[in-house]
Protein chains: 2
Amino acid sequence: MIQTFQKFFYQFLLLYRPFENQLNALLGKHGLYRAQWTVLYYLFNFGPATLVELASYQSVEKPTMTRTVQRLKELGYLEAVPTKDKREKRMQLTEAGVSVYQEVRLTIDAFEEKIIEGISEEEQLEAIRLMKDIQQKITKWEMEM
Amino acid sequence: MIQTFQKFFYQFLLLYRPFENQLNALLGKHGLYRAQWTVLYYLFNFGPATLVELASYQSVEKPTMTRTVQRLKELGYLEAVPTKDKREKRMQLTEAGVSVYQEVRLTIDAFEEKIIEGISEEEQLEAIRLMKDIQQKITKWEMEM
DNA sequence: TAAAATAGTTAGCCTGGGTAACCATTTCAA
DNA sequence: TTGAAATGGTTACCCAGGCTAACTATTTTA
């Protein structure tokens, strides 16, 4: 007998691929990729962050984030902000970074608005809550393992 | 101003990585990966399918699915069923495939049940409907591009 | 103050996406 | 009815973006 939660997670996986494909297609026009985009999103909305903060927030390992950040730095979208602790590198968006984010945001907005059409704000908020909840439970599970 | 739908899709991306990480960790104990697991899931629940059907359902290209299917065949979990059309290869689970699916299912169930704890069946069904809806809209968007 | 912890990097691996080009077979239209 | 187009599948090869292991530099702590 097929359980509802099994369907739920299968559908989650099914949705991911076409979403990422289209996202990358749109980002590609600006020379960006998903992994870079989520870093821009984070820095634009939450302000400066260290590599460890970014890696932990996005659930990837430090070397993965090092590479993503390096690419964004090469593109001129990121710069270091000096801190007391000489080990850490706190990063923030450059002017170019802010303006490329805002420009790309328009393209992505058009896409996201289109595909979420017909779903009320309440439902969206409810879904966000649900996803956050699951994510927290995964973190808890990881710690217990 | 940060929009609700922007948050929604960012949270979606944020949830994907830790979920896939844990899924792969559990599957790894049985020598499997996410891409293979979703094929087992499909064949177990929906019965035999051709490569094109699988690829289209999971939104990947044919060569990607060819590779995934080949690995499952090497593991002895898949076999071809003869059809009229000599071009196509319709695949189904072998006995070993069925029993490995059922065995692994237990591990995954334990994980999925734990992390969806506290979310009612109604909410889950609602979320499934929502994700299916978005997926359809992405397909529509792709066709219009 | 020496050892442990933390921030970040480099090197090298692997999964699993993709495209291009191809073969075999089937379908369709002139 | 048959030649062209469409379809199912494969091979070869490229690339993003995950990972671990091992390292350096700095800070914290016992």
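Letters go in sequence order (proteins before strands), and every chain restarts at 1. On a predicted model such as this, the values are computed, not experimentally measured, just so you know.
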Contact under 4.0 Å: Q36(B) side-chain N or O vs dT15(C) OP1/OP2: no

Interatomic distance where CZ belongs to R71(A) and C1' belongs to dG17(D) [whole Å]: 7 Å

Contact list for residues 39-50 of chain B, test side-chain hydrogen bond (donor to acceptor under 3.5 Å, both in side chains), sequence neighbours left out: none

Nearest whole angstrom, please: distance from the C1' of dC14(C) to the CD of E61(A). 15 Å

Spell out protein contact along nucleotides 23-30 of chain D as letters: B when the base is contacted, S when just the sugar-phosphate is, - when no protein heavy atom is under 4.0 Å; keep the 5' to 3' order. --BBS---

Could you check whether any side-chain N or O of Q6(B) sits under 3.5 Å from a backbone N or O of Q3(B), counting only pairs where one atom can act as donor and the other as acceptor? yes

For E53(B), salt bridge (Lys or Arg N to Asp or Glu O under 4.0 Å) partners two or more places apart: R90(B)

Once side chain to side chain donor-acceptor pair (under 3.5 Å) is applied, do any residues pair with E112(A), and if so which ones, sequence neighbours excluded? R105(A)

L125(B) versus F8(A): any side-chain heavy-atom pair under 4.5 Å? no

Under 4.0 Å between a side-chain nitrogen and a carboxylate oxygen: does that hold for K29(B) and E103(B)? no

Could you list, one pair per line, each protein nitrogen or oxygen that sits under 3.5 Å from a nitrogen or oxygen of nucleotides 11-13 of chain D, together with the distance?
{"residue": "dT11(D)", "atom": "OP2", "partner": "Q70(B)", "partner atom": "NE2", "Å": "3.0"}

Whole-Å gap separating P (dG17(D)) and OH (Y33(B)): 20 Å

Separation of atom CD in E88(A) from atom C1' in dT9(C), rounded to whole Å: 16 Å

Are any side-chain N or O atoms of E79(B) and backbone N or O atoms of M91(B), one a donor and one an acceptor, separated by less than 3.5 Å? no

Listed once per pair and sorted, the ring pair (Phe, Tyr, Trp, His ring centres under 6.0 Å) pairs that draw on residues 83-110 of chain B, sequence neighbours left out: W37(B)-Y101(B), F44(B)-Y101(B)

Could you tabulate the donor-acceptor pairs under 3.5 Å formed by side-chain atoms of residues 59-77 of chain A, not counting sequence neighbours?
{"residue": "T66(A)", "atom": "OG1", "partner": "K62(A)", "partner atom": "O", "Å": "3.0"}
{"residue": "T68(A)", "atom": "OG1", "partner": "T64(A)", "partner atom": "O", "Å": "3.2"}

Just to verify, what does E20(A) make a side chain to side chain donor-acceptor pair (under 3.5 Å) with, not counting sequence neighbours? Y16(A), R17(A), R34(A)

For DNA chain D, determine which residues of residues 40-55 of chain B have any heavy atom closer than 4.0 angstrom to one of its atoms, and list them numerically. T50(B), L51(B), V52(B)

Short of 4.0 Å, heavy atom to strand atom, which residues of residues 10-26 of chain A count as contacting DNA chain C? R17(A), N21(A)

Just jot down the side chain to side chain donor-acceptor pair (under 3.5 Å) partners of Q102(A), sequence neighbours excluded, or say none. none

Taking only residues at least two apart or on different chains, which pairs with a member in residues 134-145 of chain A satisfy salt bridge (charged side-chain N to carboxylate O under 4.0 Å, His left out)? D133(A)-K137(A)

